[in-house]
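Encoded as structure tokens, the structure appears first; notes follow it.
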Amino acid sequence: MKKLKSREDIEHLVNSFYAKVVKDETIGFFFNDIAKVDWDKHLPKMYSFWESILFGQMTYKGNPMGVHFPINEIQAMEQKHFDRWLELWRTTIEENFVGENADMAIYKSENIAKLMAFKMELARRL
């Protein structure tokens, strides 16, 4: 197992993760059917997002929360969806990487998922 230490490692992680997501019965439909994700655009954004989160490289430009609200209006993004996202993310990291940055990627994803789940639920109540 190798350490998560470069943009190339992030690209491998993100690509491996989304290969699972698109096939997943619990959350894949958000990407495939609702958002109809353009992977050529989405993946580089996710590389930059995680590069910014893990390495402090301010390469990400965007509002991840804002992008999810319109999807949540079409189909509720519930706790079970975020739990599955986390499960796939954690598994992908553990299959490929070890070390401090791998642990940090899991820790940060847990915080992101908690905040996103809370904000999506709150938005549905308003």
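Side chains are part of it too, since the values below use all heavy atoms of this structure and drop only hydrogens, waters and symmetry mates.
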| field | Atom of N72, atom of R124 and distance for their closest heavy-atom approach | value | OD1-NH1, 3.0 Å
| note | In this structure, NZ of K108 is separated from CZ of F49 (nearest 0.5 Å) by 9.5 Å
| task | Could you pull out all residues at least two apart from N96 that satisfy side chain to side chain donor-acceptor pair (under 3.5 Å)? | result | H12
| K5 backbone acceptor or donor facing N101 side chain under 3.5 Å | no
| Is it true that R7 and E11 make a salt bridge, defined as a side-chain N closer than 4.0 Å to a carboxylate O? | yes
| query | Mind checking whether M46 and I10 have side chains closer than 4.5 Å, heavy atoms only? | reply | no
Would you be so kind as to tabulate the donor-acceptor pairs closer than 3.5 Å made by side chains of residues 57-70, with sequence neighbours excluded?
from	atom 1	to	atom 2	distance (Å)
T59	OG1	S48	O	3.3
T59	OG1	E51	OE1	3.0
K61	NZ	M58	O	3.3
N63	OD1	M65	N	3.3
N63	OD1	G66	N	3.0
H68	ND1	P64	O	2.5

| task | If a pair satisfies side-chain hydrogen bond (donor to acceptor under 3.5 Å, both in side chains) and one of its residues is in residues 25-34, list it, with sequence neighbours excluded. | result | none
| Taking everything shown except K20 itself, do over 12 heavy atoms lie less than 6.0 Å from its NZ? | yes
| task | Would you please name every residue forming a side-chain contact (heavy atoms from CB on, under 4.5 Å) with D40, sequence neighbours left out? | result | D38
| note | Cluster membership besides V98, Ile/Leu/Val/Met/Phe/Trp/Tyr side chains within less than 4.5 angstrom, sorted by chain and number, is M1
| remark: Sorted by chain and number, sequence neighbours left out, salt bridge (charged side-chain N to carboxylate O under 4.0 Å, His left out) with E73 holds for none
| request: First locate atom OG of S6, then atom CG of L54, and finally report the distance between them rounded to the nearest 0.5 Å. | output: 11.0 Å
Distance-only donor-acceptor hits, side chain of residues 82-89, under 3.5 Å, sequence neighbours excluded:
from	atom 1	to	atom 2	distance (Å)
D83	OD1	Q79	NE2	2.8
R84	NE	D24	OD1	2.7
R84	NE	D24	OD2	3.4
R84	NH1	E87	OE1	3.2
R84	NH1	E87	OE2	3.1
R84	NH2	D24	OD1	2.6
W89	NE1	A105	O	3.2

| request: State plainly whether the residues E100 and K3 are in salt-bridge range, i.e. N to O under 4.0 Å. | output: no
| remark: Across all chains, not counting sequence neighbours, the side-chain contact (heavy atoms from CB on, under 4.5 Å) partners of Q75 are F29, F30, I34
| said: K2: which residues meet the salt bridge (charged side-chain N to carboxylate O under 4.0 Å, His left out) condition with it, sequence neighbours left out? | reply: D9
| Qualifying residues under salt bridge (charged side-chain N to carboxylate O under 4.0 Å, His left out), relative to E121, sequence neighbours excluded | R125
| request: Decide yes or no on side chain to side chain contact (heavy atoms under 4.5 Å, CB included) for I71 and M120, but give the supporting numbers first. | output: CA-CA 10 Å; I71 297 166; M120 294 305 122; over 6 Å; no
| remark: Sequence neighbours excluded, the answer for salt bridge (charged side-chain N to carboxylate O under 4.0 Å, His left out) partners of K119 is none
| Hydrophobic cluster of L122, others only, ordered by chain and residue number, side-chain cut-off 4.5 Å | F118
| query | Is any side-chain heavy atom of W50 closer than 4.5 Å to a side-chain heavy atom of L13? | reply | no
| message | In the structure I gave you, are the side-chain heavy atoms of Y18 and H42 within less than 4.5 Å of one another anywhere? | response | yes
